[in-house]
Number of protein chains: 2
Amino acid sequence: MLLSKTCIYGLRASVLLASKKQGGLEYTTIRELSDELEISFHFLTKVLQKLTKSELLESYKGPNGGVKLARDASSINFMDVVRSIDGDSLIHECALGLPGCGLLKPCPLHDQWSGLKMNIITMMQDITLKDMANNDSTGHLLKNPIQIISGK
Amino acid sequence: MLLSKTCIYGLRASVLLASKKQGGLEYTTIRELSDELEISFHFLTKVLQKLTKSELLESYKGPNGGVKLARDASSINFMDVVRSIDGDSLIHECALGLPGCGLLKPCPLHDQWSGLKMNIITMMQDITLKDMANNDSTGHLLKNPIQIISGK
DNA sequence: GTATATTAAGACTAAATACTCTTAAATATT
DNA sequence: AATATTTAAGAGTATTTAGTCTTAATATAC
Ligand code: SF4
Ligand code: SF4
């Protein structure tokens, strides 16, 4: 799996926040997010703390508190969230799990893989939370997905 | 990580076998493979058992025994090994970790992602063990990779 | 047949990831 | 000030993945 489950949770919560953001002045409680996404409240809290620390979200304690996007949804991209949660491994390490790659020591898959890897990174950099929120016609990201095609 | 460590071990051992196969009549001991690849012998044994069960490898017990490719290296592709070890999840599940995808219920990333996913699968189906063995000029797959760019 | 070399299989341990629970800190309302 | 609401932080548990170790089964050589 390219992304950790934690990372997917963070993404889904971020897209949900983006879809809520009309004025963008109000905070949404993590409880509300966790209810809508059907993710454990306590776990989501931990995940979102990472996003808050990396300043993609802002949080506020107490009544009427919660979290909100720190910037406009159109200026936060997929990759921002991935890097905040999963770190840079997607960029630095080979997604095939063969670290130590590079021009110095390309492995036998490098020619075929490096282009694909670049495409993935480019895609993640190009798509913003706003894009995802606008395109979520089915609410797929916003619910716990039902396994239609069972993968093992 | 797109592939499990177990899967990468299996791939590396398979490529090594492919590179050895001149006549293809002889068995290579798992001990020799594990020494060259610097992978734990016992663990590699378990991994290769999967490949043997799915008939990508043939094994033989006793003196002069070991494992060998069951077919010509040019007729076993990357995807064969991946499916044998990691199963079909790469194909059926979304590599982004969002199961339940498909035409019925495309998530907001589907347009961007499905093409990339297809490219990855196609690449894995197109490249054979022979290709990889021929292209391993640096022996990268055949050693425990040294982390040049440290990813976390 | 006895010893030796090898894979097969299963139980066990370790590490990483995912998840839960409790307590503390901050803020608002009264 | 007291209480309620909310995130922050940290300890603890569970599950999955990775890795080890022991024993069994199979084949060869003498
Ligand atoms: S495919 Fe490229 S990036 Fe990946 S291990 Fe090989 S050389 Fe490195
Ligand atoms: S719709 Fe496409 S991108 Fe979304 S989860 Fe399914 S396969 Fe993945």
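We use all heavy atoms of the structure for the numbers below, so side chains are in, but hydrogens, waters and symmetry mates are not. Proteins come first, then strands; the chains are lettered A, B, ... in the order of their sequence lines, and each starts at number 1.
With sequence neighbours excluded, no residue satisfies salt bridge (charged side-chain N to carboxylate O under 4.0 Å, His left out) with B:Arg31. By the salt bridge (charged side-chain N to carboxylate O under 4.0 Å, His left out) test, A:Glu32 is found to be paired with A:Lys20, residues two or more places apart in sequence or in another chain being considered. When the salt bridge (charged side-chain N to carboxylate O under 4.0 Å, His left out) test is applied to B:Asp131, no partner is found at least two apart in sequence or on another chain. Residues satisfying the side-chain hydrogen bond (donor to acceptor under 3.5 Å, both in side chains) criterion with B:Asn77, sequence neighbours excluded, are absent altogether. By the side-chain contact (heavy atoms from CB on, under 4.5 Å) test, A:Ile121 pairs with A:Met79, A:Ile91, A:Lys117, A:Gln125, sequence neighbours left out. Remark: B:Glu55 pairs with no residue by the salt bridge (charged side-chain N to carboxylate O under 4.0 Å, His left out) rule, at least two apart or across chains. Applying the side-chain hydrogen bond (donor to acceptor under 3.5 Å, both in side chains) rule to A:Asn119 yields no partners; only residues at least two apart in sequence or on another chain are considered. Under the rule for a side-chain contact (heavy atoms from CB on, under 4.5 Å), the partners of A:Ser114 that lie at least two apart in sequence or sit in another chain are A:His110.
Taking atom NZ of residue B:Lys46 and atom P of nucleotide C:dT7, one finds them 13 Å apart after rounding to whole Å. In this structure, A:Tyr27 places its OH atom 16 Å from P of C:dA26, rounding to the nearest Å. Here C:dT7 presents its P atom at 14 Å from NZ of B:Lys68, a figure rounded to the nearest Å. Summarising the geometry, the separation between CD1 on B:Ile39 and C1' on D:dT20 is reported as 15 Å, rounded to the nearest angstrom. For the pair A:His42 NE2 and C:dA24 P, the interatomic distance rounds to 15 Å; values are reported in whole Å. Computed from coordinates, the B:Gln49 CD to C:dG10 C1' distance equals 10 Å when rounded to whole Å. Nucleotide C:dA8 holds its P atom 16 Å from the CZ atom of B:Phe43, rounded to whole Å. Spacing between atom CG of B:Leu33 and atom C1' of C:dA5 amounts to 16 Å, rounded to whole angstrom units.
Using a 4.0 Å heavy-atom criterion, one finds that B:Leu48 contacts no nucleic acid atom at all.
Contact check, A:Ser40 against C:dT20: a side-chain N or O comes under 4.0 Å of OP1 or OP2. Between B:Thr45 and the phosphate of C:dA8, there is no side-chain N or O to OP1/OP2 separation shorter than 4.0 Å. A close approach under 4.0 Å does occur between a side-chain nitrogen or oxygen of B:Tyr9 and OP1 or OP2 of D:dG19. Between A:Thr6 and C:dA18, a side-chain N or O to OP1/OP2 separation shorter than 4.0 Å is present.
When each of A:Lys5 and B:Thr29 is assigned the nucleotide of DNA chain C with its nearest heavy atom, B:Thr29 is the one assigned upstream, toward the 5' end.
Looking at A:Leu3 and A:Ile85, their side chains never come closer than 4.5 Å, going by heavy atoms from C-beta outward.
Near DNA chain C, defined here as any heavy-atom distance below 4.0 Å, there are no residues from residues 50-58 of chain A.
Residues A:Lys50 and A:Asp86 are not paired through a salt bridge, judged by the lack of any N-O separation under 4.0 Å between the basic side chain and the carboxylate. In summary, B:Asp88 and B:Arg83 engage in a salt bridge, as defined by a charged side-chain N under 4.0 Å from a carboxylate O.
One axis for each end of the helix from C:dG1-D:dC30 to C:dT30-D:dA1, each built from five base pairs, and the angle between them comes to 10° at 10° resolution.
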Notebook entry, point to check: Taking protein heavy atoms under 4.0 Å as touching, what does nucleotides 25-30 of chain D look like 5' to 3' if B marks base contact, S marks sugar-phosphate-only contact and - marks none?
Noted result: -BBBS-
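Evaluation of the ring pair (Phe, Tyr, Trp, His ring centres under 6.0 Å) test over residues 31-55 of chain A, restricted to residues two or more places apart or in two chains, returns A:Tyr9-A:Phe43.
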